[in-house]
Amino acid sequence: MLWVGGAAGGRVVSRREDIPERATGTRGDPAGTSQDFAELRRTTQNMENTVNHTPLSSLSGRTAVVTGAASGMGAATARLLAAHGARVALLARREDRLKELAAEIERDGGRAIAVAVDVTDQASVDAGAARVHAELGAADLVVNAAGVMLPNPIDDGRADEWTRMIDTNVTGALRIIRAFTADLVAAAARGAAADLVNISSIGAHALFPGYAVYAATKAALTHLSASLRTEFGPRDVRVTNIEPGLTDTELASHVDNPALGEEGQLGEMFDALGSLSADEIADLVAYVTSRPRHVNLRQIVVLPTRQA
């Protein structure tokens, strides 16, 4: 079978023309090949129907928690999930932005609540989870999109940046996972789809000078995602790890080293390679979480075409 198309328009094409005529039963078939190929065709058709015809409308009625929802990939993901009928809890530190996004979603007919949460603070996460449960109920879709990228040479010894990246990108994700694990497991146990999506980075694999600590946090998140599948998968909770390449978000504006930031190395890479948009990452999140519950797209690396 062939997979054709991207996240929004992919389809499965069965290479039926490659099945020899003898397999249809029109010629002698003492070994019973006709029956085998008839069963193969039925299985193929069932797969086509399942994969090709699972719409994003399957997100309707789900309850999603999205961290980092004040901007970038988190905001785009929350907006798209809500547009397809999910109730969305918007989690981030900047409450004013969350309220603006929640109002936008509500104006468009969706349902969203703004929940000010600092993922580096356990008490803040606990309070946020309690509010989500009180206002929206249990979550069955959790997206860890909160992240911070602060590159600098290791020689600079920026322990403040190291701590912030580790606390946000790794420990922050763990705090959110801890807060909603019981929800996901319970949803799966009652036969519903249950998803944990972690937004990592191509930095988990690619090597860039000055990005050692950031890359280490993303490598940790990627490995965490893989390890969690051994715990969650047997209980029918899907874990998807998405590693975007160059993506146009406000992360670049946080870089305080001119040689590495938008006026330096990072800006040169954007100029040479182009970039993905936050909406394109959101499209992937919506796609993977709307598949039939037995289908787990476990690891996705998505890059601008020019990025190697």
**Student:** Distance alone, cut at 3.5 Å: any donor-acceptor contact between the side chains of Ser58 and Arg291?
**Tutor:**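 Short answer, no.
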**Student:** Judged by atom type as modelled, is there a donor-acceptor pair below 3.5 Å linking the side chain of Ser227 to the main-chain atoms of Leu224?
**Tutor:** no
**Student:** Above 12 or not: heavy atoms from other molecules or residues under 6.0 Å from NE2 of His223?
**Tutor:** no
**Student:** For a quick test of reading the model, state the closest non-hydrogen atom pair linking Ala69 to Leu98 and the distance between them.
**Tutor:**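 Closest pair (atom of Ala69, atom of Leu98, distance): C-CD2, 3.8 Å.
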**Student:** Walk me through it: do Val239 and Arg298 pass the test side-chain contact (heavy atoms from CB on, under 4.5 Å)?
**Tutor:** CA-CA 6 Å; Val239 180; Arg298 62 188 297 273; over 6 Å; no
**Student:** Output yes when a side-chain donor or acceptor of Asn198 lies under 3.5 Å from a complementary backbone atom of Ser225, and no otherwise.
**Tutor:** no
**Student:** Does Glu280 use its side chain to pair, donor to acceptor, with the backbone of Ser277 at less than 3.5 Å?
**Tutor:**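 Between the backbone of Ser277 and the side chain of Glu280 there is a qualifying donor-acceptor contact (under 3.5 Å).
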**Student:** Where the side chain of Lys218 meets the backbone of Asn169, is there a donor-acceptor pair that is under 3.5 Å apart?
**Tutor:**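 Between the backbone of Asn169 and the side chain of Lys218 there is no qualifying donor-acceptor contact (under 3.5 Å).
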**Student:** What I'd like to find out is whether the side chain of Thr240 reaches to under 4.5 Å of the side chain of Gln299, using heavy atoms alone.
**Tutor:**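 Heavy-atom side-chain distance check fails, nothing below 4.5 Å.
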**Student:** Checking Arg293 side chain against Asp236 main chain: does a donor-acceptor pair fall under 3.5 Å?
**Tutor:** no
**Student:** Is any side-chain heavy atom of Leu276 closer than 4.5 Å to a side-chain heavy atom of Asp248?
**Tutor:** no
**Student:** Transitively linked via ILVMFWY side-chain contacts under 4.5 Å: Ile105 with Val142?
**Tutor:** no
**Student:** At their closest point, which heavy atom of Val125 faces which heavy atom of Ala179, and how far apart are they?
**Tutor:** CG1-CB, 4.0 Å
**Student:** Establish whether Leu221 and Leu141 are linked, either directly or via other cluster members, by ILVMFWY side-chain heavy-atom contacts under 4.5 Å.
**Tutor:** no
**Student:** What I want to check is whether the side chains of Asp167 and Thr120 have a donor and an acceptor closer together than 3.5 Å.
**Tutor:**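 Thr120 and Asp167 do not have a side-chain donor-acceptor pair below 3.5 Å.
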**Student:** If I compare all heavy atoms of Arg235 with all of Ala188, which pair ends up nearest, and what's the gap?
**Tutor:** O-CB, 3.2 Å
**Student:** Using a strict threshold of under 4.0 Å (side-chain N to carboxylate O), is an ion pair present between Asp126 and Arg175?
**Tutor:** no
**Student:** Return the CG to CZ distance between Asn296 and Arg229, rounded to the nearest 0.5 Å.
**Tutor:** 6.0 Å
**Student:** Examine distances only and state if a side-chain atom of Arg93 and a backbone atom of Asp118 form a donor-acceptor pair shorter than 3.5 Å.
**Tutor:**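 Flag not set: sc Arg93 to bb Asp118 has no pair under 3.5 Å.
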**Student:** For Arg158, check side-chain hydrogen bond (donor to acceptor under 3.5 Å, both in side chains) against everything at least two apart and list the hits.
**Tutor:**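 Testing Arg158 for side-chain hydrogen bond (donor to acceptor under 3.5 Å, both in side chains), a comparison that skips the adjacent residues, returns Asp160, Glu161, Asp256.
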**Student:** Tell me which pairs pass side-chain hydrogen bond (donor to acceptor under 3.5 Å, both in side chains) where either residue lies in residues 178-193, with sequence neighbours left out.
**Tutor:** His133-Asp183
**Student:** Would you check if Arg87 and Arg62 make a side-chain contact, meaning some heavy-atom pair closer than 4.5 Å?
**Tutor:** no
**Student:** How long is the span from the OG1 atom in Thr249 to the CD1 atom in Ile281, to the nearest 0.5 Å?
**Tutor:**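 Reported to 0.5 Å precision, the distance equals 9.5 Å.
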**Student:** Would you say the side-chain atoms of Arg238 pair up with the backbone N or O of Gly233, donor to acceptor, closer than 3.5 Å?
**Tutor:**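 No, because the side chain of Arg238 does not come within donor-acceptor range (under 3.5 Å) of the backbone of Gly233.
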**Student:** Let me confirm one number: the OG-CG distance from Ser275 to Leu246, rounded to the nearest 0.5 Å.
**Tutor:**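 Answer for the OG-CG pair, Ser275 versus Leu246, is 7.0 Å.
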**Student:** Work out which heavy atom in Ala286 is nearest to a heavy atom in Leu56; give both atom names and the distance.
**Tutor:** O-CD2, 3.5 Å
**Student:** Examine Val88 and Ile199 and state if one hydrophobic cluster contains both, with Ile, Leu, Val, Met, Phe, Trp and Tyr joined whenever side-chain heavy atoms are less than 4.5 Å apart.
**Tutor:**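 Yes.
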**Student:** Could you go step by step and tell me if Thr63 and Asp140 meet the side-chain hydrogen bond (donor to acceptor under 3.5 Å, both in side chains) rule?
**Tutor:** CA-CA 6 Å; Thr63 300; Asp140 56 34; 5.1 Å; no
**Student:** Looking only at atom types and distance, does a side-chain atom of Ser290 sit under 3.5 Å from a main-chain N or O of Tyr287, one as donor and one as acceptor?
**Tutor:** yes
**Student:** Keeping the roles fixed (side chain from Thr67, backbone from Ala146), state whether a donor-acceptor pair exists under 3.5 Å.
**Tutor:** yes
**Student:** State the CD-OG1 distance between Gln307 and Thr247, to the nearest 0.5 angstrom.
**Tutor:**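 Here the rounded value is 8.0 Å.
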**Student:** Would a 4.5 Å heavy-atom cut-off, applied to side chains only, mark Val132 and Phe180 as touching?
**Tutor:** yes
**Student:** Has Arg306 got more than 12 heavy atoms of other residues, nucleotides or ligands less than 6.0 Å from its CZ?
**Tutor:**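 Check fails, neighbour count at 12 or below.
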**Student:** So which atom in Ala193 and which in Ala187 form the shortest heavy-atom distance, rounded to 0.1 Å?
**Tutor:**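 Looking at all heavy atoms of both residues, the closest pair is O-CB, 4.3 Å.
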**Student:** Please answer: with hydrophobic residues joined when any side-chain heavy atoms are less than 4.5 Å apart, are Val66 and Leu101 in the same cluster?
**Tutor:** yes
**Student:** Regarding Thr289 and Asp195, is there a side-chain donor-to-acceptor distance under 3.5 Å anywhere?
**Tutor:**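 Their side chains do not contain a donor-acceptor pair, so the 3.5 Å distance test is not met.
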**Student:** A side-chain contact here means heavy atoms from C-beta on lying under 4.5 Å apart; do Met165 and Met149 qualify?
**Tutor:**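 Side chain of Met165 against side chain of Met149, heavy atoms only: no contact under 4.5 Å found.
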**Student:** Compare all side-chain heavy atoms of Val285 with those of Leu80 and state whether any distance is below 4.5 angstrom.
**Tutor:** no
**Student:** Test your reading of the model: is there a side-chain donor-acceptor pair from Asp279 to the backbone of Ala76, 3.5 Å cut-off?
**Tutor:**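 No; judged by distance alone, with no hydrogens or angles, the pair does not exist.
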**Student:** Examine Val197 and Leu228 and state if one hydrophobic cluster contains both, with Ile, Leu, Val, Met, Phe, Trp and Tyr joined whenever side-chain heavy atoms are less than 4.5 Å apart.
**Tutor:** no
